[in-house]
Each structure stands twice: as C-alpha cells, then as structure tokens.
Amino acid sequence: NHSHNHNGHSHKKHKKHKDNKRRSSHSSPPTSPSPTKRSATRESGVPVTSSSSKASVAFKQPRSNATAAPTSGHRGHSSGHSNHHHRSNSSQGKRRELYASTAATTNGTASAKRPRTMADSENQPENREHDAAAAEGTDTAAAEVPKSSLARLLDDPNLLDSLTLSADEVATSRDTGSSVPPGTCVECEDAAATKLCNQCQDEYCDMCFTVLHRKGKRAEHTFSVPEPVAATAADADPVVDAGEPVMHKGVAMVGADPDAAGSLDTLASQGSDAISRTPSVNNTDYERYSPEWFTERAKYIPVRLALKERKWLRLVMAVLGVSHYTDRVDITFKHKARRLHAQMQNMCSMFSGVLLGLSYEKTKQSVVDREFAKFEGPLSTMMEVAQRHKVMNPEKLRGDYGKLMYMLQDTQIADVGQLIKCNPVKGIKSVYQYLEEHNVVDVLKHPDIRTATMEILPHGKSRGQIQREIKDKERAQEIIARKYQSRDISKDNIKWCLYSIGDNFSFLRSNKLPIDSMIVLLKENFSPDSVEDGYSLAISSGQGGHRLTHNHTRHYNYVLQSLTLWSEIVDDMFRLWYLAGEDILGNAPYKLTDTGQGLHRVQQSPRVGSAMRAILYRTQQRLGNWVGSSVIHLGDTNVPNALMFIDKYTQVSKILAPIVSTINDVTSLCTKDKRLKRYVDSTFGGVEKLRKDILYDFFRYAFDGSGADNFFDAGSCIDGRLTSAWNWCSQLESKPFFPVFKLTGFIGFDGEFQQ
C-alpha cells in the first residue's frame with residue numbers, strides 16, 4: 001500500500017487515472033482469454049464460462065482487478081489502488097469468497113488446478129466434462145451446468161438467480177395479459193365460464209355476466225352455454241399402481257403400505273403414496289343405514305389415530321405451532337427465485353424439526369446435509385396423520401392446518417420437487433381402504449353394522465335402557481370382529497374400524513343437531529301461510545341494512561332452504577374434506593392474489609365445486625323450489641380455494657349452537673332464578689316473547705344478504721347466505737337481548753384455533 005497526499009493536485013491526478021482505466025475497460029471489446037489468463041482466472045476462484053450460454057451458466061464472472069470500481073472518499077484512496085477490489089461489498093465479491101471457500105479435495109487429494117464448485121461435491125461426471133471443455137478452450141454454450149445442491153442453495157439465495165425455470169414455471173411467470181385459459185371467465189380470469197354472450201362472443205361466469213350485462217344495451221344481450229373444454233393428458237391426475245414408481249410432478253413415488261407405520265426404520269422404507277384413490281364427486285343417494293350407504297360413506301371416514309400416531313401428531317403440531325411458513329412465503333417478491341428460496345428454506349425447517357423430534361441420532365446428519373429423500377416415508381406418514389386428524393376434527397387446527405396444506409401444496413411444484421427430492425404427500429387412510437387392503441370389505445355389509453357403530457344418547461332414557469344399548473353394541477362388535485378376523489387382520493383392528501365409523505356418527509350428531517334444531521324452531525314459531533302481528537319476516541332492500549327484498553312467505557322459504565342446505569353440507573363434510581385435499585394438492589396451479597383481505601392463493605377447485613352442485617341439486621329436489629341465486633363462489637376473490645370454502649362451513653354449528661342453547665336454557669334459568677324471571681318479564685315481556693324475539697331477529701337479519709364488501713358480492717348466493725349469518729354474529733353485542741346470552745353462558749361464536 002502506498003499513501004496519498006490529500007491535496008487537490010493528487011486527488012485530481014488519482015481521479016483522472018481512475019477515469020482512464022474505466023474508459024479503457026468499457027471501450028475495449030470482450031475477447032476470449034488466453035490460456036495463461038484462463039489459468040489465472042481458475043486459480044483466482046472464478047469459474048470460466050462462455051458469454052453466449054446465459055441460460056445454462058450457474059454463476060456470473062465477477063469483475064477483474066482492472067475494472068473494479070474503487071470506493072469513493074478519501075478513505076478509499078489511502079488503501080491504495082491494488083486494494084480497491086478487496087474493499088468492495090458487492091455481490092461479486094461475496095461470490096468470489098464463496099467460490100474460494102468451496103475449494104476442497106478430490107478423493108482425499110488437494111486440487112490446486114482449479115477451485116471446486118458446489119456441484120463438484122457430488123462428483124458428477126457431466127460437471128467434470130464441462131470443466132475439461134472449458135480448460136481446452138471449447139465452446140461451453142451447449143453444456144449445461146448442473147444445479148447446485150439444496151444445502152448450498154439454502155445458504156446463499158443469490159445462487160437461485162441462475163437456476164433455469166422449468167417450462168411450467170416459465171409459462172406461469174409470464175404476463176399473459178389478456179390471454180385466458182380456455183373455459184375460464186374472461187373478466188375475473190378465475191371462475192369457470194358458464195355463459196357465452198352471443199353478442200360479445202366472450203365467455204363469462206354467472207356473476208360476471210350478471211354484473212356486466214345489468215344495464216344499457218348489454219342488458220339486451222342473449223347468452224348460450226359454452227362448449228366444454230376437452231381435458232388434456234396433462235390435466236389428468238396420475239393413477240398410481242401398487243409398487244410401480246410414477247413421476248408425480250417431477251417426484252418419483254411408489255405405493256406405501258398403510259399398516260407399516262411403526263419405527264423410523266420401518267417408516268423410512270415407505271414411499272409416499274399419492275392420493276390415488278379419488279373419491280367419487282357425485283355421491284349416489286342410498287337409503288340411509290343400508291349396506292351400500294355404509295360402504296360409500298366408509299370411503300371418506302378416516303381411521304381413528306392409534307397411540308403412536310397421536311405422539312406423531314403432537315410432534316407435527318409442535319412444529320406447525322412455531323412455523324411461519326405462510327407469513328414468509330405468501331408475500332410479494334421481486335423475483336420468482338426469491339420466493340422459491342423462501343419456500344425451500346421454510347420447508348426444510350419444518351422437515352428438519354419433524355425428523356429431529358422423531359429420532360435425533362438417525363436424522364441429524366441428513367438434516368445438516370439437507371438430504372430428505374431417504375426419509376420420505378416418515379415425513380409423508382406424519383403429514384398424513386395430521387390430515388387425518390383434521391378430517392376427523394374439522395374444528396381443530398384452523399390456523400396450523402392451513403400452513404401444513406400450503407406447504408404440501410408447494411412441494412408439488414416441479415422445481416421444488418426436483419430440489420428437495422422428496423414428496424411428503426400421501427393419501428389419507430380411510431376405513432374402506434383399510435378393510436379393502438385386508439379383503440374384509442364385507443364388514444360394512446353385515447346386518448349388525450348399524451348396532452355396532454350407533455351412538456348411545458342418554459336423553460329421555462332410563463339407566464337400565466342405556467346399559468342394555470351398551471351391551472347390544474358391544475355384542476354386535478364382537479360378532480363382526482370374530483367373523484372376519486384372519487391372519488391379515490385381527491379382531492382389535494376390525495373393532496378399531498367400527499370405532500372410527502362411530503366417530504363419524506358422533507360428529508354428525510354434534511354438528512347437525514344445532515341446524516336441525518333451528519329448522520324445528522323455525523317451523524314451530526313461524527308459518528309461511530300466516531303472519532303473526534309484529535312478527536312478519538318480510539324484508540326490503542335498503543331498509544335496516546337489508547340487501548334483499550322478500551315478502552313473508554318468500555323469506556320463510558329462503559331461510560328454510562338455507563338451513564336445509566347447511567344440514568346437507570355438514571352431513572357430507574368428511575367427503576368434502578377429502579375432495580378439498582384433492583383439489584389443494586392436485587394439478588391445478590394457484591395464483592397469489594390480493595382479494596381485499598390480503599394475499600390469498602386463488603385456485604380452481606373442480607372436485608369440491610362439483611360435489612357442492614350435487615348437494616345443491618339434491619336440496620332443491622327435496623324442497624321442490626328454490627329462492628335466490630344458485631351461484632357457488634369457489635376459486636375467486638370471494639372464496640379463494642377449497643380450503644377456505646370448507647373451513648367456512650365447519651363454523652355453521654358454531655354459529656347456531658349458542659343461539660339454540662340460549663333459547664333452550666332461558667326457560668330453565670328463569671324457573672330456577674326468580675330475579676332473572678322478573679328481569680325478563682319487565683324487559684322483554686316474558687320468556688316466550690323473548691325466545692320469539694331472538695328467533696325473529698335472527699331469521700330476518702342473518703339472511704338478508706348483508707355483510708359483503710360491495711353490493712355485487714352480497715346477496716342470495718350460496719356463499720352470501722353464510723356471510724350474512726356471520727354479519728349478524730358480529731352485531732350481537734348491539735342487540736337488546738345480548739345480556740341474556742351472557743347469562744346463559746355464551747362466550748363466543750368462533751371455534752378453537754389451536755387445541
């Protein structure tokens with residue numbers, strides 16, 4: 001280093017010298033380095049690449065010493081010209097240090113000829129051929145540099161800038177402008193097109209067509225049904241045969257044994273079984289409790305968790321509880337590679353936590369090396385356990401389950417799958433699947449299957465009657481288990497399947513009972529043909545916050561239809577959860593969109609949508625007529641994806657249960673407490689009037705089409721009915737009868753998010 005006199009002459013002389021060097025470096029054309037310079041470049045730790053291979057080159061060559069820009073200010077001058085490139089904090093300097101730090105030995109011998117790149121650590125022959133071609137001065141444009149290892153990519157996110165995106169990723173990353181996929185609405189570009197305007201010659205969904213053609217000359221336009229779009233081979237789900245490896249979005253998979261869940265060594269031998277058994281979307285209407293009904297329903301009833309699986313569930317829940325996957329991934333990134341790095345980094349964090357909690361000694365080295373391929377079996381099994389728990393308990397894990405499903409959804413991206421080399425997605429183990437694999441499906445057709453799985457309720461029964469029902473249930477279970485036991489399946493495992501079916505009946509009772517009770521209260525207190533003075537259900541748009549206009553009879557039928565539809569949806573909730581998992585983890589891409597309530601993953605959900613249309617049609621046929629719109633919002637800004645859709649309807653019982661409980665308990669409370677009875681009599685005019693006032697207010701204001709952000713999103717659509725009910729719940733504190741709710745033990749409408 002040489003020092004400078006900090007005067008005007010020396011500073012001007014240095015600046016002139018710097019400008020001359022910069023001008024000479026920019027004016028001279030790039031030339032291929034001589035063999036001497038090429039060797040010096042390799043010794044300095046900079047990979048030699050060809051300028052014509054921009055797409056395949058993994059790293060950019062940093063500036064040479066002659067062209068490195070010196071730091072500004074007198075402090076840079078005092079360090080000397082030869083040290084300016086060492087003072088630079090640019091990304092090129094950081095990469096040079098990375099290359100120098102990755103220089104290592106090959107087969108135990110130090111390599112002094114050139115530094116080893118990250119791909120060399122895997123001793124890939126194509127990488128050695130590329131380096132030999134570069135050393136001989138040949139053109140390397142056609143040679144592709146292998147992608148770096150996952151561990152190195154996670155250590156330095158800048159390396160992802162050089163990764164070549166797959167064809168699918170490039171297609172989705174382009175700005176399509178006005179290009180809309182066939183069969184999709186040209187306005188919202190999300191929902192499926194259901195109407196073809198004969199004058200505009202554009203395809204729209206029901207909502208967009210109504211909005212755009214509501215007035216003016218467009219109101220006179222006619223429409224027709226568009227022709228269905230032919231499904232391509234790429235849109236079909238792969239069918240996985242047992243034992244045959246199949247490429248599922250870039251990740252190889254093999255069939256797994258659902259009974260092999262045991263130790264880590266046993267789990268490691270399992271491959272991740274993709275969701276190969278696609279449940280039927282249009283559920284056939286069988287007679288309730290018939291053998292066909294039990295057989296069809298068992299396809300969507302998960303097997304109850306065993307003790308060891310519950311331990312795994314606690315581990316997965318602990319990892320999800322400390323994970324911030326969606327907070328760090330579902331945000332705006334300037335470059336797609338940055339989001340890819342965030343996805344892999346957070347995935348590896350979750351996988352590492354699960355594996356280390358499972359067995360520290362056996363997994364620590366793989367966690368350090370980011371090698372998860374050999375633990376694909378344990379990971380997929382533990383993820384499946386968490387999904388099974390959620391289907392059996394839809395009100396649980398409302399926040400953490402979203403992180404789990406979105407993480408699993410991202411593992412199905414081709415680029416992510418190629419990097420992590422692990423597919424943790426596995427089909428949920430159902431009762432039908434378990435019995436089918438052991439050739440005992442006839443268990444579901446046994447005459448005593450209803451008795452063996454029934455739920456015993458104590459209401460209105462004597463103690464002796466309850467004991468007789470318990471003994472009859474145990475006897476039926478023993479008969480069925482003894483008849484179908486074999487070397488492949490024991491009596492206990494058959495009983496375990498019967499217990500799982502019984503869990504489904506318990507869910508139906510606890511979630512359908514509030515809806516059915518509300519239907520009974522509607523029919524007991526109101527009539528569609530006659531109007532009691534002061535209790536007309538008629539509403540008018542624009543008055544009292546209403547968005548709909550109904551007379552008394554029409555609104556009565558509207559409320560009855562909405563409650564009946566909710567009851568049908570809850571009755572099919574397990575099947576809808578299965579289909580939602582199929583849609584979330586299927587082949588349909590998602591688009592991160594600002595829906596007005598933050599960034600959400602907007603994704604088409606054909607399976608859930610088809611099942612909902614079948615349920616709606618069944619409800620309409622049952623009631624005979626239909627009031628209001630039949631539009632099902634799914635895969636748009638109102639309901640972004642199947643997970644959001646199914647989570648909304650798990651809260652129906654949470655809305656209705658406190659109302660039914662308050663109406664039923666207020667009578668007994670007033671009988672026990674005279675002071676409370678005096679308060680109710682003086683304030684509300686008696687217990688019966690109070691009960692009817694609560695129902696009257698709920699039926700009018702919880703089904704009036706209100707609660708949306710704008711006029712067109714509100715109304716009588718299928719999703720809008722539930723939105724209006726939520727809006728009524730948010731205004732309960734302003735109701736005059738809110739103190740009565742508190743006196744009956746009301747805490748809140750929302751379910752538990754964590755436990």
Side-chain angles (χ1 to χ4, degrees), residues 457 459-460 508-539 546 548 550-571 619 622-624 627-628 649 651-671 676-677 680-681 683-705 716 721-722 724-729 731-732 735-749:
L457 302 177
H459 305 292
L508 292 178
R509 183 194 60 82
S510 60
N511 287 267
K512 283 194 65 177
L513 183 61
I515 305 176
D516 296 338
S517 300
M518 189 62 70
I519 294 176
V520 172
L521 291 173
L522 172 66
K523 294 180 178 180
E524 289 179 350
N525 293 272
F526 299 92
S527 173
D529 301 326
S530 60
V531 181
E532 185 178 349
D533 187 20
Y535 291 98
S536 174
L537 297 178
I539 59 176
H546 304 308
L548 302 175
H550 291 160
N551 57 28
H552 175 81
T553 302
R554 185 177 181 85
H555 193 70
Y556 176 92
N557 293 326
Y558 178 77
V559 174
L560 179 62
Q561 292 168 3
S562 301
L563 294 174
T564 306
L565 177 63
W566 292 351
S567 179
E568 293 290 333
I569 292 174
V570 172
D571 189 67
T619 305
R622 174 182 172 183
L623 296 175
V627 178
Y649 286 96
Q651 303 307 307
V652 172
S653 60
K654 302 294 182 183
I655 296 175
L656 301 181
I659 303 174
V660 175
S661 177
T662 299
I663 293 175
N664 293 335
D665 294 345
V666 66
T667 303
S668 60
L669 288 176
C670 290
T671 303
L676 180 59
K677 186 177 184 307
V680 171
D681 293 341
T683 307
F684 303 101
V687 176
E688 293 301 323
K689 188 176 184 304
L690 171 62
R691 285 160 50 94
K692 196 159 189 174
D693 287 344
I694 296 175
L695 293 173
Y696 172 72
D697 190 272
F698 176 74
F699 291 146
R700 292 187 75 235
Y701 290 93
F703 299 88
D704 61 349
S716 59
R721 301 167 190 249
L722 188 55
S724 302
W726 270 117
N727 187 53
W728 184 89
C729 295
Q731 300 175 356
L732 179 61
K735 304 293 182 180
F737 44 76
F738 178 68
V740 179
F741 274 74
K742 301 295 290 184
L743 290 172
T744 55
F746 171 77
I747 299 177
F749 288 103

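Below, each value reflects all heavy atoms present in this structure, side chains not excepted, and no hydrogens, waters or symmetry copies. As the structure is a prediction and not an experimental result, all values here were calculated from the model.
- For the atom pair OG of S527 and CG of L522, the computed distance is 10.0 Å after rounding to the nearest 0.5 Å.
- Aromatic ring centres of F526 and F699: separated by under 6.0 Å.
- Here the straight-line distance linking atom CD1 of I747 with atom NZ of K742 works out to 7.5 Å at 0.5 Å rounding.
- The minimum heavy-atom distance linking S653 with P658 is given by the pair O-CD, 4.3 Å.
- When F749, F698, F746 are each tested for a ring-ring contact (aromatic ring centres under 6.0 Å, His included) with F741, only one passes: F746.
- The closest side-chain heavy-atom distance from L537 to R554 is not below 4.5 Å.
- Atom OG1 of T744 and atom CD1 of I659 lie 11.0 Å apart (nearest 0.5 Å).
- Here Y649 and W726 keep their ring centres 6.0 angstrom or further from each other.
- Annotation: salt bridge (charged side-chain N to carboxylate O under 4.0 Å, His left out) contacts of D516 (sequence neighbours excluded): none.
- Within the 3.5 Å criterion, the main-chain N or O of L563 finds no donor-acceptor partner in the side chain of S567.
- Between Y701 and H546, a ring centre-to-centre spacing shorter than 6.0 Å is recorded.
- Checked for salt-bridge contact, R700 and D704 miss the test: no charged N lies under 4.0 Å from a carboxylate O.
- Side-chain contact annotation: Y535 with D693, donor-acceptor N/O pair under 3.5 Å present.
- To the nearest 0.5 Å, the span separating CD1 on I663 from CD1 on I694 amounts to 5.5 Å.
- For T683 (side chain) and V680 (main-chain N/O), no donor-acceptor pair under 3.5 Å exists by modelled atom type.
- Looking at every heavy atom in both residues, A538 comes nearest to H552 through CB-N, 3.8 Å.
- Contact record, W728 with K735: NE1-CE, 3.7 Å, taken as the closest heavy-atom pair.
- The environment of K512 atom NZ is dense: over 12 non-hydrogen atoms of other residues, nucleotides or ligands sit within 6.0 angstrom.
- A donor-acceptor distance shorter than 3.5 angstrom exists from the side chain of Q561 to the backbone of V627, with no hydrogens or angles considered.
- For the pair N664 (side chain) and V660 (backbone), a donor-acceptor distance under 3.5 Å is present.
- Residues D681 and G686 come closest through the heavy atom pair OD1-CA, 3.3 Å.
- There is no side-chain donor-acceptor pair under 3.5 Å between T564 and T619.
- At least one side-chain heavy atom of R509 sits under 4.5 Å from a side-chain heavy atom of L457.
- Smallest separation of non-hydrogen atoms from P528 and T553: O-OG1, 2.6 Å.
- With hydrogens and angles ignored, the 3.5 Å screen pairs no side-chain donor or acceptor of Y696 with any backbone N or O of R691.
- With values rounded to the nearest 0.5 angstrom, D697 atom CG is found 4.0 Å from F737 atom CZ.
- In this structure the side chain of F684 reaches within 4.5 angstrom of the side chain of V740, judged on heavy atoms.
- Between the OG atom in S724 and the CG atom in L548 there is a gap of 7.0 Å [rounded to 0.5 Å].
- In plain terms, the two heavy atoms of W566 and A725 that are nearest each other are CH2-CB, 4.0 Å.
- Counting only heavy atoms from C-beta outward, the side chains of L560 and K523 approach each other to under 4.5 Å.
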